[in-house]
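I have placed the structure first, in the form of structure tokens, so that the comments after it can refer back to it.
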Amino acid sequence: MSQSIRHPEILEIARRDGKVTVEHLADHLGVTLQTIRRDLSDLADAGKLERVHGGAVLPSGTINIAYEERRRLNAEGKTAMARACAAMIPEDCAIFLNIGTSTEAVANELLHHRNLLVVTNNMNVANILARNPDCEVVVTGGALRQSDGGLTGDITTAAIRKFKFDFGVIGCSAVDHDGDILDFDLREVGVSQTILGQSRRKILLADHTKFKRKAPAQIGSLSGIDVFVTDAPVPPGLAARCTDWGTQVQVCLPDTLDTTSV
């Protein structure tokens with residue numbers, strides 16, 4: 001079966017079931033697992049699917065994909081970004097880590113930092129850093145989002161305004177071609193905006209999959225970010241905008257965990 005026939009059928013199954021798996025598609029289409037993986041990668045590159053562990057899902061437009069899928073998605077890239085971000089953060093400072101699987105990866109990389117004050121609205125981050133005896137962890141409070149352990153709402157933003165952070169580290173759901181930083185949950189957007197407003201140095205973590213996604217709510221722009229950490233080269237037009245804005249782009253390659261700055 002040719003690629004031109006397989007791709008439409010894969011998309012039809014994804015629209016019908018919401019998700020496709022490599023093994024099921026290989027059996028259904030009578031091709032190898034490697035062929036299906038290439039097909040899914042091609043469809044993801046075209047923005048028609050999003051790769052997840054063991055398969056793919058339809059790209060999100062107004063609803064985020066499930067937390068467990070996000071946690072597995074591009075784990076190597078997130079680890080590379082997290083190591084680069086942690087290397088920017090000295091000991092003896094105050095930081096904020098917000099909701100997201102990328103910031104959870106940063107928390108893991110901070111387990112050996114000393115004399116940190118970490119404020120977070122992410123219960124998963126708090127649980128990770130509870131293992132670091134040299135880290136004081138403050139949880140903001142707020143309405144618990146049971147799907148991913150995030151805390152949002154007026155209580156959250158009021159708590160954040162009580163601090164001034166040396167570093168504010170946030171993730172997002174999508175980065176638009178014009179540099180807009182996007183998310184799905186309006187309450188989370190308000191929290192992220194407050195974090196940035198209370199931070200001396202602002203760091204955004206967004207892997208390459210975020211360039212292919214869409215989300216309806218705007219957090220802000222890369223023009224207001226000091227360092228943008230990602231795991232693949234940024235599209236040329238957006239890279240040029242970042243240069244004009246003075247936003248440092250740090251590209252972390254997951255295969256070698258090397259980093260380059262532009």
Side-chain angles (χ1 to χ4, degrees), residues 1-84 100-105 108 147-148 171-177 182-184 205-216 228-239 249-260 262:
M1 181 183 292
S2 68
Q3 184 185 81
S4 61
I5 296 175
R6 288 195 310 273
H7 282 193
E9 188 159 355
I10 290 170
L11 291 173
E12 180 59 32
I13 294 170
R15 293 187 189 102
R16 183 191 69 205
D17 299 338
K19 178 181 179 179
V20 291
T21 66
V22 173
E23 290 186 359
H24 173 264
L25 288 174
D27 289 341
H28 179 73
L29 299 175
V31 294
T32 65
L33 297 175
Q34 185 177 6
T35 295
I36 293 299
R37 290 190 185 100
R38 283 198 301 267
D39 286 340
L40 296 183
S41 293
D42 290 343
L43 290 167
D45 288 341
K48 296 178 180 179
L49 291 176
E50 287 184 3
R51 288 302 306 271
V52 297
H53 182 71
V57 296
L58 291 174
S60 301
T62 59
I63 300 174
N64 206 354
I65 60 178
Y67 170 75
E68 286 301 325
E69 295 289 2
R70 283 186 282 130
R71 188 171 61 82
R72 290 190 292 261
L73 183 64
N74 192 26
E76 290 184 357
K78 291 174 184 176
T79 297
M81 295 189 304
R83 290 185 183 178
T101 55
S102 294
T103 50
E104 290 167 23
N108 275 307
S147 61
D148 62 2
C172 66
S173 294
V175 177
D176 209 4
H177 64 88
L182 306 173
D183 221 312
F184 292 95
L205 276 72
D207 67 30
H208 70 279
T209 65
K210 306 299 174 67
F211 299 130
K212 304 169 187 175
R213 302 183 71 194
K214 296 180 180 179
F228 173 29
V229 183
T230 188
D231 67 332
V234 175
L238 183 55
V249 179
Q250 186 151 343
V251 179
C252 311
L253 305 178
D255 288 340
T256 62
L257 301 185
D258 287 341
T259 63
T260 58
V262 296

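Every heavy atom of this structure was used, including side-chain atoms; hydrogens, water molecules and symmetry mates were not.
Looking at Asn108 and Thr79, their side chains never come closer than 4.5 Å, going by heavy atoms from C-beta outward. A heavy-atom distance below 4.5 Å is not found between the side chains of Leu29 and Thr35.
The shortest heavy-atom contact between Ala26 and Leu33 is CB-CD2, 3.6 Å. The nearest pair of heavy atoms linking His208 to Ala232 is CB-CB, 3.7 Å. Scanning both residues, Arg213 and Ala174, for their nearest heavy atoms gives O-CB, 3.5 Å. Taking all atoms of both residues into account, the shortest heavy-atom contact from Val175 to Cys172 is CG2-SG, 3.8 Å. The heavy-atom pair separating Leu238 from His177 by the smallest distance is CD1-O, 3.8 Å. For Pro8 against Ile5, the heavy-atom pair with the smallest separation is CD-O, 3.3 Å.
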Checklist entry - Would Ser173 and Leu182 satisfy side-chain contact (heavy atoms from CB on, under 4.5 Å), going step by step from the backbone distance to the final call? => result CA-CA 6 Å; Ser173 294; Leu182 306 173; 5.9 Å; no
Checklist entry - Which is it for His7 and Leu43 under the side-chain contact (heavy atoms from CB on, under 4.5 Å) test, yes or no, and what are the steps along the way? => result CA-CA 8 Å; His7 282 193; Leu43 290 167; 3.8 Å; yes
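Every side chain to side chain contact (heavy atoms under 4.5 Å, CB included) that Asp45 has, sequence neighbours left out, goes to Lys212. Residues meeting the side chain to side chain contact (heavy atoms under 4.5 Å, CB included) test with Ser41, sequence neighbours left out: Arg51. Under the rule for a side chain to side chain contact (heavy atoms under 4.5 Å, CB included), Asp27 has no partner lying at least two apart in sequence or in another chain.
For the atom pair Arg6 CZ and Asp42 CG, the distance stands at 9.0 Å (nearest 0.5 Å). Taken to the nearest 0.5 Å, the CD1 atom of Ile10 stands 4.5 Å off from the CG atom of Asp39.
A side-chain contact (heavy atoms from CB on, under 4.5 Å) with Val229 is found for exactly one of Val251, Leu205, Val249, namely Leu205.
Proximity of a side-chain donor or acceptor of Asp207 to a complementary backbone N or O of Asp231 within less than 3.5 Å is not detected. With Ser102 contributing its side chain and Lys78 its backbone, the two residues share no donor-acceptor pair below 3.5 Å.
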